[in-house]
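These numbers come from a predicted model, not from an experiment. Sequence lines set the chain letters: A, B, ... in the order given, protein chains first and strands last, and positions in each chain run from 1. Hydrogens, waters and symmetry mates are skipped; everything else that's a heavy atom, side chains included, is used.
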2 protein chains.
Amino acid sequence: MKIGELAKRSGLSTHTIRYYERIGLLPVADRDAGGRRDYDAEILAWIEFLDRLKTTGMPIRDMLRYAALRAAGDATMAARREQLEAHRDAVRARVAELQACLLVLDTKIDGYVEAEERMQTHEHDTRNTGRDAAE
Amino acid sequence: MKIGELAKRSGLSTHTIRYYERIGLLPVADRDAGGRRDYDAEILAWIEFLDRLKTTGMPIRDMLRYAALRAAGDATMAARREQLEAHRDAVRARVAELQACLLVLDTKIDGYVEAEERMQTHEHDTRNTGRDAAE
DNA sequence: CTAGGGGTTCGAGCGCACTCCAAGTCAAGC
DNA sequence: GCTTGACTTGGAGTGCGCTCGAACCCCTAG
């Protein structure tokens with residue numbers, strides 16, 4: 001698979017793929033006869049996983065750490081597990097934080113709804129659209 | 001309240017407070033005789049709310065829009081409500097996305113746990129620590 | 001044989017949200 | 001009166017994660 005194809009399938013731009021390779025997030029790609037990058041389908045699963053990490057807010061430097069551990073082989077499994085566990089905990093905390101904020105947002109929105117209803121009720125006071133102002 | 005005091009109470013740095021004022025997120029502060037900013041305690045509630053918006057991922061340009069509507073008075077209540085509703089929906093979607101990622105993370109972690117157990121079980125194969133290797 | 005549409009590199013530029021620096025002013029305590 | 005420390009301004013710098021541009025190369029179809 002060429003880089004353009006991989007871009008289509010992974011959702012990353014070719015620029016981003018090369019950037020990720022440059023910084024070490026993606027392995028250095030094999031090249032074809034003409035010197036172009038040629039990817040194995042297997043890379044897609046890794047990109048997808050990186051995307052999960054990104055989606056959940058892991059900074060690139062941490063992904064790099066994970067990628068480095070992974071590249072170092074089986075001996076680093078425990079370290080990788082620990083890193084993912086720590087990240088999972090952080091994500092859970094983030095979810096809790098967002099949920100707390102959602103409550104506040106809901107309350108705020110309710111406040112607006114009520115205020116709007118009050119304005120509706122007393123509309124004739126300022127806009128003379130009630131029956132009092134007919135004609 | 002001076003800017004340093006507000007910084008302490010709000011958790012923002014004085015730099016950030018001035019920056020927020022510059023871009024219009026905070027109202028232009030009143031000044032004391034010496035030309036220093038002097039804040040009313042009421043500003044804290046607004047900063048706290050801004051902080052919720054920030055925490056939930058609202059970009060500053062959207063907060064500016066909200067702040068502008070707010071400054072424009074009661075006539076913009078419906079627009080503000082709509083903006084908050086849209087934001088709330090986005091936050092909910094984000095929470096759902098994070099929760100989906102959490103499932104993937106959990107699965108991945110479980111995979112590591114199992115792999116580590118397998119290594120433990122077959123440890124003697126490579127490290128000769130089982131009873132087979134006693135002596 | 002030529003045009004097009006990939007691909008390559010390197011380095012610069014961008015948008016966001018701060019964060020900091022320099023140089024100066026001002027008020028209060030010793 | 002002098003020091004200390006918080007305040008003022010404007011503008012530059014930072015860190016992150018891309019994103020783009022320029023100039024070039026190479027394969028394939030017409």
Range on DNA chain D touched by chain B, heavy atoms, distance below 4.0 Å: D:dA6 to D:dT9
Under 4.0 Å, counting only non-hydrogen atoms across every strand here, what does B:R18 touch: a base, just sugar-phosphate, or nothing? base
I'd like to check the side chain to side chain donor-acceptor pair (under 3.5 Å) partners of A:R92; sequence neighbours left out, ordered by chain and number. none
Which pairs pass ring-ring contact (aromatic ring centres under 6.0 Å, His included) with one or both residues in residues 69-121 of chain B, sequence neighbours excluded? none
Going by heavy atoms closer than 4.0 Å, what residues in residues 53-68 of chain B are next to DNA chain C? B:K54, B:P59, B:I60, B:R61
Quick one: which residue pairs count as a side-chain hydrogen bond (donor to acceptor under 3.5 Å, both in side chains) with a foot in residues 38-54 of chain A, not counting sequence neighbours? none
Once side chain to side chain donor-acceptor pair (under 3.5 Å) is applied, do any residues pair with B:R36, and if so which ones, sequence neighbours excluded? none
Pairwise side-chain hydrogen bond (donor to acceptor under 3.5 Å, both in side chains) hits with a residue in residues 93-105 of chain A, at least two apart: A:R94-A:E97
Polar atom pairs (N or O), protein with nucleotides 19-29 of chain C, under 3.5 Å:
from   : atom 1 : to    : atom 2 : distance (Å)
C:dC26 : O2     : B:R36 : NH2    : 3.1

Side chain to side chain donor-acceptor pair (under 3.5 Å) involving B:T55 - partner list, sequence neighbours excluded: none
Can you find a heavy atom in the side chain of A:L26 that is under 4.5 Å from one in the side chain of A:L50? yes
Listed by chain and number, what are the ring pair (Phe, Tyr, Trp, His ring centres under 6.0 Å) partners of A:Y20, not counting sequence neighbours? none
Can you list the residues that meet the side chain to side chain donor-acceptor pair (under 3.5 Å) rule with B:E5, with sequence neighbours excluded? B:R9
For residues 57-82 of chain B, which residue pairs pass the ring-ring contact (aromatic ring centres under 6.0 Å, His included) check, not counting sequence neighbours? B:F49-B:Y66
